[in-house]
Trainee: 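The structure under discussion is supplied below as structure tokens; questions concerning it will follow.
In what follows, every chain begins at residue 1, and chains take the letters A, B, ... in the order their sequences are listed. Everything quoted here is computed from the prediction, not taken from an experiment.
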Protein chains: 2
Amino acid sequence: MLDFDLSQFLPYQLAVVSERVSREFAAIYRARYGISRAEWRVLAHLSQAKAVSVRDISEQAELDKPKVSRAATRLEKAGYVTKKANETDKRLVSLALTDKGVALMEDMAPLARAYEAKVLDRLGTDAPTFLAAVQKLTQDNGA
Amino acid sequence: MLDFDLSQFLPYQLAVVSERVSREFAAIYRARYGISRAEWRVLAHLSQAKAVSVRDISEQAELDKPKVSRAATRLEKAGYVTKKANETDKRLVSLALTDKGVALMEDMAPLARAYEAKVLDRLGTDAPTFLAAVQKLTQDNGA
DNA sequence: CCCATATCGTTGCAGTTGAAATGAAGTCAA
DNA sequence: TTGACTTCATTTCAACTGCAACGATATGGG
């Protein structure tokens with residue numbers, strides 16, 4: 001009909017796969033902990049670094065600033081995260097996990113790894129190359 | 001800090017990459033044609049098949065039914081798509097591209113291919129394996 | 001032929017989203 | 001030091017989202 005093969009079109013396939021994977025995984029942690037996708041991403045990010053700003057997370061996790069800000073507010077209310085002004089630059093908000101937040105992530109990590117293993121199993125021997133490729137796309141800023 | 005390496009966690013990486021790619025590409029067609037992401041996905045789907053139902057698109061494109069329904073309504077108002085009741089099952093809505101819709105997709109196809117090429121370039125020799133892996137994840141229903 | 005049940009697409013509604021505006025804080029050149 | 005400009009996080013507000021409910025249609029057992 002048209003000279004355009006959707007089943008081979010990368011951005012489309014990527015969106016479908018990513019949505020499916022995110023949806024499946026989100027169902028797991030939402031059912032157990034009542035955490036939204038944005039909240040999960042913020043928590044995951046805070047597991048990597050001691051203290052980061054809203055902007056840091058926004059840039060690296062491909063979430064816009066209001067989304068991060070609101071997720072952080074909800075997580076703070078739930079007791080998983082602390083927000084305090086950065087000492088040297090008071091515009092910045094320092095986000096960090098509380099002990100309760102660390103405990104939550106320690107609890108979720110096995111679920112995350114188990115789900116990931118399930119996905120990687122579907123990929124078989126392509127898994128390492130796939131991960132490497134995703135890394136390339138993540139690191140490049142596409143600028 | 002925690003025994004959990006986000007930079008290697010597949011669902012997260014996938015979400016970040018997919019969001020970045022979708023955002024970049026969406027900026028192109030939104031600027032030119034005022035088409036939203038959901039609308040683009042519906043149009044792309046209709047480029048593949050003569051007539052499909054809302055449910056078909058919803059399942060295959062990982063979009064929920066209301067989203068497809070509303071995207072279709074907007075596209076109909078814009079003159080890109082027709083909606084008519086299926087003859088044999090009047091519950092079903094047959095969506096199809098109008099001539100104007102076909103013209104739009106023919107116009108967009110080169111943009112899509114150019115953008116895709118840009119992304120694949122970043123992958124280099126990993127591109128074929130990457131595409132194959134994405135296909136595997138798309139086809140598996142994860143059930 | 002009925003009636004109970006299932007499926008389709010749309011819509012109502014409460015919650016969420018993102019672009020732009022806001023206000024607070026920082027930077028730098030004159 | 002001032003004042004113009006930038007950067008950061010939040011808030012505002014209109015639009016969008018997704019779940020659940022709905023009306024319409026279809027199906028299958030009794």
Side-chain angles (χ1 to χ4, degrees), chain A residues 15-16 18-20 22-27 29-31 34-42 45-46 49 51-78 81-96, chain B residues 15-16 18-20 22-27 29-31 34-42 45-46 49 51-78 81-96:
Chain A
V16 169
S18 167
E19 177 60 26
R20 181 168 299 163
S22 282
R23 194 184 294 250
E24 280 182 16
F25 182 46
Y29 56 69
R30 198 186 58 184
I35 298 291
S36 76
R37 283 195 214 181
E39 284 157 27
W40 154 258
R41 287 223 231 169
V42 169
H45 239 272
L46 292 178
V52 287
S53 68
V54 169
R55 195 179 78 89
D56 289 336
I57 297 180
S58 174
E59 281 179 356
Q60 291 170 46
E62 205 73 20
L63 294 170
D64 62 14
K65 276 194 303 170
K67 213 165 182 172
V68 174
S69 175
R70 289 189 259 237
T73 299
R74 286 191 295 268
L75 290 170
E76 187 189 27
K77 274 185 190 137
V81 156
T82 56
K83 300 202 296 188
K84 67 185 185 79
N86 182 309
E87 283 302 308
T88 59
D89 184 340
K90 286 175 186 167
R91 294 172 306 176
L92 301 180
V93 169
S94 252
L95 298 172
Chain B
V16 169
S18 168
E19 177 59 26
R20 181 168 298 164
S22 282
R23 195 184 293 251
E24 280 182 15
F25 183 46
Y29 56 69
R30 197 186 58 184
I35 299 290
S36 76
R37 284 196 214 181
E39 284 158 26
W40 153 259
R41 288 223 230 169
V42 170
H45 241 273
L46 292 178
V52 287
S53 69
V54 169
R55 188 171 158 286
D56 288 336
I57 297 179
S58 174
E59 281 180 355
Q60 291 170 46
E62 206 75 20
L63 294 170
D64 64 12
K65 275 194 303 170
K67 212 166 184 174
V68 174
S69 175
R70 290 190 255 239
T73 300
R74 286 191 296 267
L75 290 170
E76 187 189 29
K77 274 185 189 137
V81 157
T82 55
K83 299 202 296 188
K84 68 184 184 78
N86 182 309
E87 282 301 309
T88 58
D89 184 341
K90 286 176 186 168
R91 292 172 307 178
L92 300 182
V93 169
S94 254
L95 298 173

Trainee: Could you state the atom-to-atom distance from NZ of B:Lys84 to P of C:dT10 in whole Å?
Mentor: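 Taking NZ of B:Lys84 and P of C:dT10, I get 15 Å after rounding.
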Trainee: Counting only heavy atoms not in B:Arg23, do more than 12 sit closer than 6.0 Å to its CZ atom?
Mentor: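 Atom CZ in B:Arg23 is packed in, count exceeds 12.
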Trainee: Salt bridge check, B:Arg37 against B:Glu62: does any charged N sit closer than 4.0 Å to a carboxylate O?
Mentor: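 Judged by the 4.0 Å cut-off on N to carboxylate O distance, B:Glu62 and B:Arg37 do not form a salt bridge.
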Trainee: Nearest-Å distance, CG (B:Asp89) to P (D:dA26)?
Mentor: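 Rounded to whole Å, this separation is 5 Å.
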Trainee: Rounded to whole angstroms, how far apart are NZ on A:Lys67 and P on C:dT17?
Mentor: 5 Å
Trainee: Counting any heavy atom closer than 4.0 Å, what does B:Ser53 reach on the DNA or RNA strands: base, sugar-phosphate only, or nothing?
Mentor: sugar-phosphate
Trainee: Between C:dT10 and B:Ser69, is there an OP1 or OP2 to side-chain N/O distance shorter than 4.0 Å?
Mentor: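 For C:dT10, OP1 or OP2 has a side-chain N or O of B:Ser69 closer than 4.0 Å.
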Trainee: Rounded to whole Å, please give me the gap between CG in A:Leu95 and P in D:dT10.
Mentor: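 Going from CG in A:Leu95 over to P in D:dT10 covers 8 Å.
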Trainee: Give the rounded distance in Å between these two atoms: CG of B:Asp64 and C1' of D:dT17.
Mentor: 8 Å
Trainee: Can a donor-acceptor pair be found, under 3.5 Å and without considering hydrogens, that links the side chain of B:Ser22 to the backbone of B:Ser18?
Mentor: yes
Trainee: Tell me whether A:Glu59 is salt-bridged to A:Arg55, with the criterion being a basic N under 4.0 Å from an acidic carboxylate O.
Mentor: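 Answer for the salt bridge query: yes.
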Trainee: Of the nucleotides D:dT25, D:dT10, C:dT10, which has the atom closest to the A:Val54 side chain?
Mentor: D:dT10
Trainee: If you take atom types as modelled and just measure distance, does the side chain of A:Arg70 reach the base of C:dG15 with a donor-acceptor pair under 3.5 Å?
Mentor: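 Result: no qualifying N/O pair found.
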Trainee: Report yes if at least one side-chain N or O of B:Lys83 is closer than 4.0 Å to OP1 or OP2 of C:dT10; otherwise report no.
Mentor: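 Indeed, a polar side-chain atom of B:Lys83 lies that close.
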Trainee: Check each of B:Ile57, B:Leu46, B:Leu63, B:Ile35 against B:Arg41 using the side-chain contact (heavy atoms from CB on, under 4.5 Å) test, and report the only one that passes.
Mentor: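 Among B:Ile57, B:Leu46, B:Leu63, B:Ile35, the one meeting side-chain contact (heavy atoms from CB on, under 4.5 Å) with B:Arg41 is B:Leu63.
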Trainee: In whole angstrom, what separates A:Arg37's CZ from C:dT16's C1'?
Mentor: 13 Å
Trainee: Contact class for A:Ser58 vs. all strands (heavy atom < 4.0 Å): base, sugar-phosphate, or nothing?
Mentor: nothing
Trainee: What's the CZ-C1' distance between A:Arg91 and D:dT7, to the nearest Å?
Mentor: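 Answer to the nearest Å: 4 Å.
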Trainee: Closer than 4.0 Å, any side-chain N/O of B:Arg55 to the OP1 or OP2 of C:dC8?
Mentor: yes
Trainee: So which one's nearest nucleotide on DNA chain D is more toward 5', A:Thr73 or B:Asn86?
Mentor: A:Thr73
Trainee: How many Å lie between CD on B:Glu39 and P on D:dA15, as a whole number?
Mentor: 15 Å
Trainee: Taking the nucleotide of DNA chain C with the nearest heavy atom to each, does B:Ala72 or B:Glu19 sit closer to the 5' end?
Mentor: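 Nearest nucleotide further toward 5': that of B:Ala72.
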Trainee: Considering just the side-chain nitrogens and oxygens of B:Lys65, establish if one lies under 4.0 Å of OP1 or OP2 belonging to C:dT7.
Mentor: no
